[in-house]
Amino acid sequence: MGNLKRKKSFQALMALGGWTEKEVVYEDIEQGSWVDAKVPELARRVSRLGQSLEVLELRADGSKSILEMRMREVMRRIAQAVESDGTRDVRLHHMSLHARDLRSMDPSYTLKAAHPGIVVRQHVILANFDPLKAVIVHDRMLVLLPKTPGALVDELCQQLRVATAIKDEDLYDSSSSLPFELRALEAVLAVATRRLTADCERLSPIATQAIELLQASRITLEQLERLRRLKNDVSYQETRARDTVEAIEATLNEDEDMCMMRLGHLREAPQKFEPPLSPEMLVEHEDVELLLENYLQHATATQTRLELLRLGIDNAEDLFSMRLDLARNRLIQADTILTVFSLLCAAGAFVAGFFGMNLHHQGPSFALVVAITMACLTLVAMAVFTALVRTDTLVL
């Protein structure tokens with residue numbers, strides 16, 4: 001009886017943690033052996049589920065509110081928004097949003113949440129551009145706020161206000177002709193690309209100054225460490241820009257996803273969006289395509305600038321390495337010259353030691369031996385240096 005209760009408790013933990021039945025060995029549970037490798041992970045997942053997040057809700061009528069919600073509550077709120085017109089069966093039939101889709105945007109899962117992407121589900125658009133994580137339905141947008149949102153809320157609200165022409169009579173009518181879901185997506189993409197551009201603008205003068213310092217005659221260890229951190233920042237921002245470009249390109253390559261992003265038309269005529277979509281429906285997404293291509297160009301331009309910055313740093317590092325190699329070669333040449341000189345001195349000392357006790361200093365034999373020795377050492381030195389120069393081993 002105790003094993004049965006323990007098994008049911010573990011099944012409840014397994015359901016909360018998201019494990020499948022294939023990942024649990026019930027024979028070990030019945031024998032009283034809890035799977036030690038999975039219990040800590042289950043506990044961590046359950047603790048994550050209990051954490052509340054700040055969620056910014058922006059409605060199509062211009063109102064906004066900040067709510068404390070858990071991921072399950074976010075899921076229920078999205079379902080209520082989709083079913084708001086009362087056609088529950090039809091909406092549930094078309095809605096294919098799963099918990100794993102929201103889990104990929106959960107800040108608790110750092111690696112998954114940091115990867116940019118646009119996920120299109122029936123009646124729902126998920127836009128993940130760190131730190132912006134937005135869930136868009138036909139009449140509202142839910143934004144999962146980070147722990148320190150800073151000016152993110154005001155920036156997003158301002159951009160959405162501009163896109164929807166709320167309380168602004170100077171905007172063109174073409175801006176307000178887009179449905180709310182596309183204007184919300186445009187606001188998310190605009191803030192994401194603007195932040196990428198701002199980071200690029202911030203790093204550009206710092207990188208230029210670091211490259212100029214690297215080309216100077218004297219480089220300190222502190223400057224090299226600063227350059228290393230700068231290169232890591234540039235590489236990180238370049239990766240963000242490249243992932244953003246890839247996410248937008250992946251959506252542009254899927255005609256069905258772009259067609260399903262027209263949430264208002266989907267609610268008005270859901271029968272037209274029954275899979276598989278007709279060829280006529282697959283080409284009616286010019287507004288979505290133009291929107292994505294616009295911000296794809298912005299992200300690509302930022303990626304190119306960051307790539308040029310990184311290449312400039314790499315070229316400066318290569319130049320610095322060449323200078324180090326040149327200095328190392330000069331040291332090797334000096335060491336070679338000193339080694340040959342030491343060899344000649346050792347040969348002269350050997351001759352002096354061999355004949356020094358057997359020759360009279362006043363006789364002609366001593367002068368003859370000294371002359372022959374000096375001549376031979378000079379000829380050997382000239383031969384060695386000539387050979388080194390001809391073989392490019394020694395560059396003068």
Side-chain angles (χ1 to χ4, degrees), residues 96-98 100-122 124-136 141 143-144 146 152 155-156 159 163 181-204 207 230-263 277 282-283 285-314:
S96 58
L97 179 66
H98 301 285
R100 62 176 178 270
D101 299 325
L102 287 180
R103 190 180 301 122
S104 63
M105 303 175 62
D106 190 350
S108 302
Y109 298 87
T110 307
L111 295 179
K112 293 182 179 180
H115 189 72
I118 300 176
V119 179
V120 181
R121 296 290 183 259
Q122 291 182 347
V124 181
I125 302 174
L126 293 90
N128 185 8
F129 296 94
D130 192 61
L132 276 175
K133 308 176 190 303
V135 182
I136 304 172
M141 176 172 62
V143 183
L144 307 181
L152 181 63
E155 187 177 0
L156 184 61
Q159 182 62 42
E181 60 271 12
L182 296 185
R183 286 175 284 184
L185 180 61
E186 182 181 7
V188 173
L189 292 176
V191 173
T193 53
R194 188 185 300 119
R195 291 203 163 211
L196 285 176
T197 305
D199 291 334
C200 181
E201 294 289 345
R202 174 180 58 86
L203 292 175
S204 181
L230 175 63
K231 185 176 180 180
N232 290 339
D233 292 340
V234 173
S235 299
Y236 172 71
Q237 298 299 336
E238 183 186 0
T239 302
R240 284 184 57 200
R242 182 173 59 252
D243 291 343
T244 302
V245 170
E246 292 177 354
I248 299 176
E249 285 181 344
T251 307
L252 281 171
N253 293 333
E254 295 294 335
D255 292 333
E256 184 175 353
D257 286 348
M258 287 190 289
C259 185
M260 296 296 295
M261 290 172 70
R262 304 163 67 208
L263 304 182
L277 298 179
L282 290 177
V283 297
H285 50 68
E286 293 83 2
D287 49 354
V288 180
E289 188 172 358
L290 290 175
L291 173 65
L292 294 177
E293 286 180 349
N294 180 29
Y295 290 99
L296 176 62
Q297 293 177 1
H298 287 285
T300 304
T302 304
Q303 179 190 359
T304 303
R305 292 185 59 186
L306 290 170
E307 186 177 358
L308 291 176
L309 284 180
R310 182 182 54 80
L311 291 177
I313 296 176
D314 291 340

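Since the model is a prediction, treat every value here as computed from it, not as a measurement. Only heavy atoms go into these numbers, but all of them, side chains included; no hydrogens, no water, no symmetry mates. Heads up: numbering here begins at 1 and tracks the sequence.
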What pair of heavy atoms forms the shortest contact from [X] to [Y], and how long is it?
X: Ala241; Y: Ala299; answer: CB-O, 4.4 Å
X: Lys231; Y: Asp314; answer: NZ-OD1, 2.9 Å
X: Gln159; Y: Ala187; answer: CG-CA, 3.6 Å
X: Leu152; Y: Pro131; answer: CD2-O, 4.1 Å
X: Val288; Y: Met258; answer: CG2-O, 3.8 Å
X: Tyr295; Y: Thr193; answer: CD2-OG1, 3.7 Å

- Working for side chain to side chain contact (heavy atoms under 4.5 Å, CB included), residues Leu102 and Leu126: CA-CA 8 Å; Leu102 287 180; Leu126 293 90; 4.0 Å; yes
Reported [atom1]-to-[atom2] distance for the pair [X] and [Y], which is rounded to 0.5 angstrom:
X: Glu286; Y: Leu291; atom1: CD; atom2: CG; value: 13.0 Å
X: Gln303; Y: Thr239; atom1: CD; atom2: OG1; value: 9.5 Å
X: Leu182; Y: Arg262; atom1: CG; atom2: CZ; value: 8.5 Å
X: Cys200; Y: Leu308; atom1: SG; atom2: CG; value: 9.0 Å
X: Cys259; Y: Glu289; atom1: SG; atom2: CD; value: 12.0 Å
X: Lys133; Y: Asn128; atom1: NZ; atom2: CG; value: 4.5 Å

Answer whether the closest heavy-atom distance between the side chains of [X] and [Y] falls below 4.5 Å.
X: His285; Y: Met261; value: no
X: Leu309; Y: Gln237; value: no
X: Arg305; Y: Glu201; value: yes
X: Leu196; Y: Arg240; value: yes
X: Asp243; Y: His115; value: yes
X: Leu292; Y: Leu189; value: yes

- Item | Electrostatic pair Arg195-Asp199, nearest N-O below 4.0 angstrom |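 Asp199 and Arg195: not salt-bridged.
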Ignoring hydrogens and angles, tell me if any N or O in the side chain of [X] forms a donor-acceptor pair with the backbone of [Y] under 3.5 Å.
X: Thr300; Y: Leu296; result: yes
X: Glu181; Y: Leu263; result: yes
X: Asn253; Y: Glu249; result: yes

- Message: Let's go through Met141 and Val188 carefully: what are the C-alpha distance in whole Å and the side-chain angles of both, what is the deciding distance for side chain to side chain contact (heavy atoms under 4.5 Å, CB included) to 0.1 Å, and is it a yes or a no?
- Response: CA-CA 10 Å; Met141 176 172 62; Val188 173; 3.8 Å; yes
- Run the side chain to side chain contact (heavy atoms under 4.5 Å, CB included) check on Glu293 and Leu252 step by step: do they pass? CA-CA 8 Å; Glu293 286 180 349; Leu252 281 171; 3.9 Å; yes
